[in-house]
Amino acid sequence: MPFVPRFHRGPFRDLPREVAILTAVSFTVALGFGIVAPDIPAFARHFGVSTAAAAGVVSAFALMRIVGALPAGRLVDRLGEPVVMTVGIAIVAVSSILAGFSASFAELIILRGVGGLGSAMFGVSAQTLLLVSVPNEQRGRASGLFAGGFLVGSISGPALGGLIAAWSMRAPFIIYGGLLVVPAVIAAAVLRDGPHRRTEHSPARQAFAEIARALRDRAYRAAAVANLADGFAAIGVRSAIVPLFVRDVLHLSAIWTGIGFGVVAVLNAATLLPGGRLADRLGRRPVIVAGCLVSAGGLVMLALLPGLGGYLAALAVFGLGSGLLDVGPAAMLGDILRGQGGTVVASYQMAGDIGAVTGPVTAGYLVDIASYGAAFGLAAAVLGLAAVLGLAAPETRWRDRPVTPARRPAGRPDRVGPESPG
């Protein structure tokens with residue numbers, strides 16, 4: 001595959017141009033989402049609904065991402081990544097602006113659901129384009145930079161969103177939609193000549209056949225389950241349960257929730273580039289296994305260590321592990337794709353979204369019938385299972401390395417040397 005010109009300085013040094021562009025796009029999308037996210041429950045309550053119904057607006061977005069993932073993958077395979085990315089971002093932009101003008105709760109939840117479909121289109125197309133644009137030896141670093149764009153944007157957005165929401169509860173939605181015009185234009189104008197591809201129209205059964213083939217690959221199963229476990233732990237436990245833990249068990253103010261989340265974000269960001277380099281040099285499997293075990297260790301510490309110091313130490317360890325899980329599974333997925341497979345990327349994304357949706361419900365139920373320690377223990381067990389699958393998976397970093405003849409004594413017949421690891 002021909003690669004476009006590369007940067008020669010900075011973190012994007014010698015990487016294809018698509019990596020820097022997609023990182024900028026991911027930052028802008030995450031910044032806008034971060035601006036609107038804190039305002040969603042309060043805006044929903046503005047229509048006189050219950051807290052549970054207000055939370056349903058968030059769930060509607062996540063559920064429609066799951067529903068829309070596989071159709072988005074098929075569109076990527078048929079139309080190419082830049083087209084699907086542009087349309088997906090445009091759908092999120094328009095639905096967000098209209099949501100800002102919602103006259104009823106029903107309108108708000110429908111429009112956020114439509115936004116979830118657009119988000120699925122963006123997520124699948126952007127990750128597919130990223131993974132097929134870089135060679136194996138750079139895929140870990142590229143995944144780290146792409147994840148870093150999302151992380152920095154998601155950290156920056158809520159602070160701005162809080163200030164904007166204090167002025168108007170409708171304004172964050174409109175500003176979010178306006179911000180998305182920038183990445184939509186980038187996807188349409190700059191990425192149109194990237195290494196996208198089209199395939200002939202294929203029936204739905206062929207898409208499911210692709211997923212079935214992927215599921216028979218132990219490496220794909222390891223990557224998908226690691227992504228599911230990270231979503232379960234990071235969204236289900238850290239985002240949904242830790243704030244309640246700070247209030248009910250530590251008896252501290254919400255300020256310490258924000259400080260703890262800041263610790264996670266800082267250490268997560270600090271791990272992305274080193275983790276990506278390790279995935280490129282040592283292989284994907286060690287990074288996946290280490291990420292699962294370190295994250296699980298942080299959750300066990302959260303359950304066992306008392307007081308504020310234990311809480312901060314546990315979240316620091318969790319942030320390190322989560323950073324590794326932002327790069328290892330994605331890099332392994334890229335090795336498996338071999339330049340194709342929007343449907344396979346979609347199913348991988350679905351795994352993470354399923355973890356994010358089921359995590360809060362399952363962990364919250366365990367808190368109600370048992371304890372916070374039980375909820376943290378369950379999430380650690382899910383991560384432990386992902387680590388076991390990672391250990392059992394073949395290494396994919398050198399999967400495409402050509403087989404070379406082994407040295408042999410004179411007069412002996414030719415023998416093909418062993419394949420590279422994995």
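All heavy atoms count here, side chains included; hydrogens, waters and symmetry mates do not.
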Return the [atom1] to [atom2] distance between [X] and [Y], rounded to the nearest 0.5 Å.
X	Y	atom1	atom2	answer
Asp217	Met332	CG	CE	9.0 Å
Leu108	Ile40	CG	CD1	8.0 Å
Met121	Leu75	CE	CG	5.5 Å
Cys292	Leu385	SG	CG	9.0 Å
Met64	Ile109	CE	CD1	11.0 Å
Leu179	Ile174	CG	CD1	12.5 Å

How close do [X] and [Y] get, heavy atom to heavy atom, and via which atoms?
X	Y	answer
Ala363	Ala375	O-CB, 3.6 Å
Leu312	Val263	O-CG1, 4.2 Å
Phe43	His46	O-CB, 2.9 Å
Ser96	Arg112	OG-NH1, 3.9 Å
Ala219	Pro394	N-CD, 3.8 Å
Phe101	Glu107	O-OE1, 4.5 Å

Across all chains, not counting sequence neighbours, the salt bridge (charged side-chain N to carboxylate O under 4.0 Å, His left out) partners of Arg65 are Asp353

Exercise for review: List the steps and the verdict of side chain to side chain contact (heavy atoms under 4.5 Å, CB included) for Val124 and Thr128.
Suggested key: CA-CA 6 Å; Val124 172; Thr128 304; 4.1 Å; yes

The residue among Leu324, Leu389, Leu391 that forms side chain to side chain contact (heavy atoms under 4.5 Å, CB included) with Val289 is Leu391

Any side-chain heavy-atom pair of [X] and [Y] under 4.5 Å:
X	Y	answer
Pro286	Glu395	yes
Leu131	Arg139	yes
Val344	Leu333	yes
Tyr176	Val92	yes
Trp256	Leu308	yes
Glu137	Arg397	yes
Phe47	Ser102	yes
Met85	Pro183	no

Tell me whether [X] contacts the main-chain N or O of [Y] through its side chain, where contact means a donor paired with an acceptor under 3.5 Å.
X	Y	answer
Arg247	His251	no
Asn227	Tyr348	yes
Arg141	Gly276	no
Thr86	Pro82	yes

Under the side chain to side chain contact (heavy atoms under 4.5 Å, CB included) criterion, do Leu273 and Leu145 qualify, and how do the steps go?
-> CA-CA 7 Å; Leu273 280 181; Leu145 289 166; 3.5 Å; yes

task: Would you please say whether a donor-acceptor pair under 3.5 Å links the side chains of Asp230 and Ser295?
output: no

Can you give the donor-acceptor pairs under 3.5 Å from side chains of residues 298-305 to other protein atoms, not counting sequence neighbours?
none

> Are Arg238 and Phe261 in a cation-pi setup, meaning NZ or CZ lies under 6.0 angstrom from the ring centre and within 45 degrees of the ring axis?
Replying inline: yes

Side chains of residues 21-37: which donor-acceptor partners sit under 3.5 Å, not counting sequence neighbours?
from, atom 1, to, atom 2, distance (Å)
Thr23, OG1, Val19, O, 2.7
Ser26, OG, Leu22, O, 3.4
Ser26, OG, Thr23, O, 2.8
Ser26, OG, Phe146, O, 3.3
Thr28, OG1, Ala24, O, 3.0

task: Verify the neighbour count for atom CD1 of Ile369: are there more than 12 heavy atoms of other residues, nucleotides or ligands below 6.0 Å?
output: yes

Residues at least two apart in sequence or cross-chain that pass side chain to side chain donor-acceptor pair (under 3.5 Å) with Tyr220, listed by chain then number, are Ser347

Residues 362-390 vs side-chain hydrogen bond (donor to acceptor under 3.5 Å, both in side chains), sequence neighbours excluded, gives Asp248-Tyr372

So side-chain hydrogen bond (donor to acceptor under 3.5 Å, both in side chains) across residues 267-290, not counting sequence neighbours, yields Asn268-Ser322, Asn268-Asp326, Asp280-Arg284, Arg284-Asp335

Discussion item. Assess the residue pair Leu250 and Tyr311 against the criterion (side chain to side chain contact (heavy atoms under 4.5 Å, CB included)); give the C-alpha distance rounded to whole Å, side-chain angles, the decisive distance to 0.1 Å, and a yes or no.
Written reply: CA-CA 9 Å; Leu250 299 181; Tyr311 161 73; 3.7 Å; yes

inquiry  = Apply side chain to side chain contact (heavy atoms under 4.5 Å, CB included) to residues Ile66 and Val357 and explain how you reach the verdict.
reply    = CA-CA 9 Å; Ile66 295 174; Val357 170; 3.8 Å; yes

On the 0 to 90° scale, with breaks at 30° and 60°, tag the Phe376-Phe245 ring pair as parallel, tilted or perpendicular.
perpendicular

